[in-house]
Amino acid sequence: MNKTATIVGILFTLLFLVQHLQAQTYDYQAFPRLDVTYEHMEGDLTISPQGEIRGEVSYDIRFNVEKSDSIELHAVRMLVEDVLIDERTMDFEIHNDTLIVYLDDTFARSQAANLRVVYSTTPVFGVLRTYRGTTFSSQHPRTTRHWLPVADYPSTMLSYDLTVRHPAGKSFVMSGSLVSNEVASVDTEITRYRSATKRPVTSLFFALSDFESTSRVMNFRNFRLHVELPNVVEFNPDDLINLADETIRRMEDLTGKSYPYGNLHLVAVHDLVWEHRTFGAGTILIDANGDIDQQIRFGVMGQWAGVQLREMQWSDADALQLYHGYFGNQLGLESLQRDTLLAWNSLYKQLSADNIDRYRYHLNDNQQINRFLTASKENVFGDTQYPSTWQDFTRQVYRVTGRLLTSRPEFSEPVTEEETTYVYDVLIDLNETQNEARIQFSTDGPPVEELVSLQITQYTFNDLSSSELTFTGGSDEVVVNLQSGLENIELQVQNRSDIELDVEKPFMYWIYQLQNSESESQRLKAAIGLRQYADNPDLQLAILDMIRNETSSEVKAQILETLRMVTAGASGTSQLFLERVGEDQPQSVRLTAIRALGAYSGNERVIRTLQSIIRSADQDELKVTAIHSLADVTETDQFVSIVESLIVQETVLMQVPVLLNAIADKGAAEKAVQLSDTFLSSEFPYDVRVGALNVILDNDESQEGWSNRLDELFTDGDPRIRYRAVAGLRFLNERDRSQLAESRLIEEYDQRVASALRRYQNQ
């Protein structure tokens, strides 16, 4: 090949890449060309255990214009085998993820026809899969086109009748009414769903998993709750279904618009895989680990503001968000802050529960808009056939109220005043010859400028007396007369909670307070106060005696923490803590005892005990604390050997990232990276995978390592992993980093991941 041809080839390739990147958008087209109307869909789909979808779907269509020469459907990364119009095979091509069907005849406006497409695909976007094997479709924009060839716009609405073949033993759930379910073979079940009511294709939903389903009919509606198994969350299915029914009835009263479907599916899974919009047409996707009641309310609200009244574009969703905020305030919806992964407001967060809070606060400060929404809502929800823009919404409000909302909501961060805490050191200086005490107050932080009232209580052998004293400013001193036979002095701030007193007083006063005070908080203070005397030879025996008689688990834990500071890993004292790590002890006591064992370096019994806790403890916090203590009491080689035996055990799976981090912290970073690489596979839970990936990001800066790793990470099915993997680009040289970012942008359909890639594209 000559030089000129090479240059031309390079220019052609670059032109193709630029055109593709420019065409890669993440929102719907505002006013798409629709030469046909889709009225009804029938079809057969087959979903394999590996996630491949094979289908044959037919659409009853009606032409909107005269003399159409082609029909366009979205078909992302699909292999289309055949296309027929009225049973006649048509020529077609796929260009820029669009299936273009060339018509061999002229169709008149309003003429009906049947369009049939035979296809197969393995979606890399739009269908999410968890490590448990649960599969469900996304409700984010431009996602339906990844599993169904269709005109994927919010304006496309159709009824349907779909038969789905799927792996036996799995439950298939879909928007619509369940018609039938039968076992076809050892490997295959057939489930059929249909909907006589037209639904937006952008709100179609399906899920495939091990579900336990509960069905109830209430107010002529069929409610079905599907819970992913195994499930460790306790709830009452009847209560959740009753809540959904009650919320529907309240929404019907608020909007004057009936719920349009005869069914509602509540689908509870244990990982939403970064899905922000959790409702579709007659479906609500629920995070089983979150606030289920609030999610049901939010999802029911979305059946009106999101499905019936729906956006033409997600970037123009202020009208829906205002109504979501309005309904949220009316229904008492609490905050549903879930996703802290992103600091920036991505397109996908536009119709998420945590973004709706901004509109709720906005409406609280703008009562006039509240009145406009109240006055116009029945008019707005009376006509929801077509998607709505901000301009459509404002015209509807104007027709009813005569007021034009010209500007979109503007937000400012809520002003929150942080409460100042005033911390004072308090020294009680006794003068027994004068029978008085000087109480000195001082602070290194902000001082209290007004008088602070304290109650001082003096305890004698058989009596007590209380009086009041005051102090103010950065330093102050008060002299008080002492009772004879004094055993203890207690100070208590009156009528305010923003002042902390760090009291220093005689050893025996603390002992008396710990032994005799009826107040748990005062005994707690005494247990902590005794740490001032950690070098006192009498302290260990004294607190050992008191811990046996203490009834409060929190006070016991603080006594044990004081004992930990006193013993400091001294030979022969480990038994004091080994006796208190068992399941018969309160968790706070166990935590303190486990932490204390970290001081007994090389003690084999301690090492065995900590390993046992890591394997079998019933609380994650106990396991994590035991890992840190185990790292403290072992040499690096021994610790690595122990970790290698632990990470293969199922009971320790969720603590794997902590173990790997601990290896790195002990100086074996290369080993930590090597072990972490084995936990990047999709067979592990996301928390384990991203934890292992973070260990690698913190400890491997080699270009070779990341060059070998990134290709697989960037094709991972979990967008959260792809997003986090982008940080690995910084370890490549400038040329490789830019080229890899550009090549991935061609294939990346998730706007969040693509935005992260663009930050590296030109670095």
key: Neighbour count above 12 (heavy atom, 6.0 Å) for Glu450 CD   = yes

task = For Glu579, look at atom CD and say whether over 12 heavy atoms of other residues, nucleotides or ligands are found less than 6.0 Å away.
result = yes

Atom [atom1] in [X], atom [atom2] in [Y]: separation rounded to 0.5 Å?
X	Y	atom1	atom2	answer
Asp210	His226	CG	NE2	14.0 Å
Leu491	Ile428	CG	CD1	5.0 Å
Leu524	Gln558	CG	CD	5.0 Å
Leu576	Ile547	CG	CD1	9.0 Å
Leu454	Ile439	CG	CD1	8.0 Å

List in chain and number order the residues that pass ring pair (Phe, Tyr, Trp, His ring centres under 6.0 Å) with [X], two or more places apart in sequence or in another chain; answer none if no residue qualifies.
X	answer
Trp706	Phe731
Phe684	Phe679
Phe507	Tyr533
Phe136	none

message = Between Arg523 and Glu520 (salt bridge meaning N to carboxylate O under 4.0 Å), is one present in this structure?
response = no

ask   = Is the closest basic N to carboxylate O distance between Lys556 and Glu550 below 4.0 Å?
value = no

Where [X] and [Y] come nearest, the two heavy atoms and their spacing:
X	Y	result
Ala596	Phe577	CB-CD2, 3.5 Å
Arg564	Thr592	CD-O, 4.4 Å
Arg595	Thr625	N-CG2, 4.0 Å

Side-chain donor-acceptor pair under 3.5 Å between [X] and [Y], yes or no?
X	Y	result
Ser519	Ser521	yes
Arg438	Asn431	no
Gln587	Arg590	no

key: Of all pairs that satisfy side-chain hydrogen bond (donor to acceptor under 3.5 Å, both in side chains), the ones with a partner from residues 645-661, not counting sequence neighbours   = Asp620-Gln655

remark   = Residue pairs passing the side-chain hydrogen bond (donor to acceptor under 3.5 Å, both in side chains) test with at least one member in residues 663-673, sequence neighbours excluded, are Glu644-Lys671

ask   = Do we get Arg720 above Tyr686's six-membered ring, with its NZ or CZ under 6.0 Å from the centre and within 45° of the axis?
value = yes

inquiry  = Taking Ala727's backbone N and O only, do any of them form a donor-acceptor pair with Arg730's side chain (distance below 3.5 Å, no angle check)?
reply    = yes

query = Do the ring planes of Phe441 and Phe471 sit parallel (below 30°), tilted (30 to 60°) or perpendicular (above 60°)?
reply = parallel

